[in-house]
There are 2 protein chains.
Amino acid sequence: MNANDLRVVKTKQSLHNALLTLLSKKPLENITIAEICRMAKVNRGTFYLHYEQKEGLFEEYFQEIMEDLNNSYEEPYRAVTTLNKNQIDPNTIRIFHHIERFKMFYRIVFSKNVPLTYYYMLFDGIFVLLKRDITIHNEIQDDISIEYYSAYQANAIIGLIIQWYRQDFVDSVSTLNKQLAAILRIGEKY
Amino acid sequence: MNANDLRVVKTKQSLHNALLTLLSKKPLENITIAEICRMAKVNRGTFYLHYEQKEGLFEEYFQEIMEDLNNSYEEPYRAVTTLNKNQIDPNTIRIFHHIERFKMFYRIVFSKNVPLTYYYMLFDGIFVLLKRDITIHNEIQDDISIEYYSAYQANAIIGLIIQWYRQDFVDSVSTLNKQLAAILRIGEKY
DNA sequence: TTAGATATTGAACATGTGTTCATTAAAATA
DNA sequence: TATTTTAATGAACACATGTTCAATATCTAA
């Protein structure tokens, strides 16, 4: 199954387009593989040559979105810009911009009948960014595992995003940035 | 559909037992509704009279587990015992005990092909506990939304649990408690 | 205990799933 | 361009899904 073979490229493209079209009409859970294939004019057997579930198709998209998340931080090494210092500038927090930009997709990612896969892809994405950030600024005691600490911080941010999502992203990106900045500053008051 | 009708009770019980038996042999994703019904000796149509998906059946179980989580904190009002004070006693943190106790179920809840529903049930459970805790000890500035703050803290804890789960819960409950306590203490050093 | 209410059943139907296999069509390469 | 390689197709299969409906069994309430 050579991914560069034009036939493969064409097939996948058709399937991608079909899924996108269908997603604009109904939620992922109500879309069937047979339906996608009919619309893409691709044999159903061919679908199974490339994917196991319709979720795999969406996963390919989401992969690209995760790359955008990474690229957002490729410039300086700033995930959330050093979590515990009080020189946090809310504008350097890029995560919420990213979510806002792709909110169409994140509405799917966070919907309750979708498998956890995408959640984990997002989690891992943020986890890696934070771990890098935390390691560089090594703002950590030796009794804390970097893994646990990164998982804690990464998922905490996703917690904000969940809350945001549940109000259908009505708050502004800057509200989210400010909330995170304020929360991170809490500890330092004591 | 009277839930007290003996026929209903009997049917649900059979389905529950069948699901549990099957779950000991294979993951939820590989279990079919038809299979559950065959084993429970319940007509497939009857299944659809009570549930929409097999996931709904599991959800009923998980509901009970969530009640256990709540009961764990029914005594004094201590979720994680006031998140930001340094008099945190790791032993008063009950969440990880709870997870450990039901780890069989949480292995399902956190598996990647399962819908987000259960994740949200856990999230909401912890969220409510923390929100109560935070409100009582009102350890919060007025520029922070209690909702966002609770979501942040609740999901942060689940972040630790995810990390724990991914190593198949090899670490001890007390390790987790200590990690959380240490992380919560970080802010106060500055 | 009986009459009425209703949950369960079995059968059937259209559609989806996941897989196989020989055939065909479209690429790569030489 | 001709040859080889291999992806895509169509047909078929057993099984699952989700729904309907009349017939039956079982429960509740009088």
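Here is how names work: the chains are called A, B, and so on, in the same order as the sequence lines, proteins then strands, and each is numbered from 1. Because only heavy atoms are used, hydrogens play no part in the values below, and waters and symmetry mates are left out as well, while side chains stay in. Because the structure is predicted, anything quoted here is derived from the model rather than measured.
Atom pair Asp5(A):CG and dA7(D):P shows a separation of 6 Å (rounding to whole Å applied). To the nearest angstrom, P of dA8(D) lies 11 Å from CG of Asn2(A). One can place CG of Asn4(B) at 14 Å from C1' of dT6(C), the figure rounded to the nearest angstrom.
Between Tyr165(B) and Phe110(B), the ring planes are tilted. Angles from 30° to 60° get that label.
Contact check of residues 10-35 of chain A against DNA chain C (heavy atom, cut-off under 4.0 Å) returns Thr32(A), Ile33(A), Ala34(A). Residues from residues 41-54 of chain A placing a heavy atom under 4.0 Å of any atom in DNA chain D, listed by number, are Lys41(A), Val42(A), Asn43(A), Thr46(A), His50(A).
No hydrogens or angles considered: a donor-acceptor pair under 3.5 Å links the side chains of Gln153(B) and Tyr149(B). Between the side chains of Tyr119(B) and Asn155(B), at least one donor-acceptor pair of N or O atoms lies under 3.5 Å.
Comparing the axis of the opening five pairs of the helix from dT1(C)-dA30(D) to dA30(C)-dT1(D) with that of the closing five pairs yields an angle of 40°, rounded to 10°.
Pairing each heavy atom of Glu35(B) with each of Ile31(B), the nearest pair is OE1-CA, 3.5 Å. The minimum heavy-atom distance between Asp143(B) and Ala182(A), with the atom names listed, is OD2-CB, 3.8 Å. Between Lys112(B) and Pro115(A), the shortest heavy-atom contact is O-CB, 3.4 Å. Nearest heavy-atom pair across Leu130(B) and Ala154(B) is CD1-N, 3.3 Å. The two residues Cys37(A) and Phe47(A) make their nearest non-hydrogen contact at SG-CB, 3.6 Å.
Taking every side-chain heavy atom of Arg38(A) into account, dG16(C) is the closest of dA7(D), dG16(C), dA28(C).
For a distance-only test at 3.5 Å, the side chain of Arg7(A) fails to qualify as a donor-acceptor partner of the base of dA27(C).
Hydrophobic clustering of Ile, Leu, Val, Met, Phe, Trp and Tyr side chains at less than 4.5 Å, counting indirect connections, unites Leu129(B) with Ile146(B).
Looking at Tyr118(A) and Leu116(B), their side chains never come closer than 4.5 Å, going by heavy atoms from C-beta outward.
With Phe62(A) as reference, Tyr106(A) is the one residue of Tyr120(A), Tyr106(A), Phe102(A) to meet the ring pair (Phe, Tyr, Trp, His ring centres under 6.0 Å) rule.
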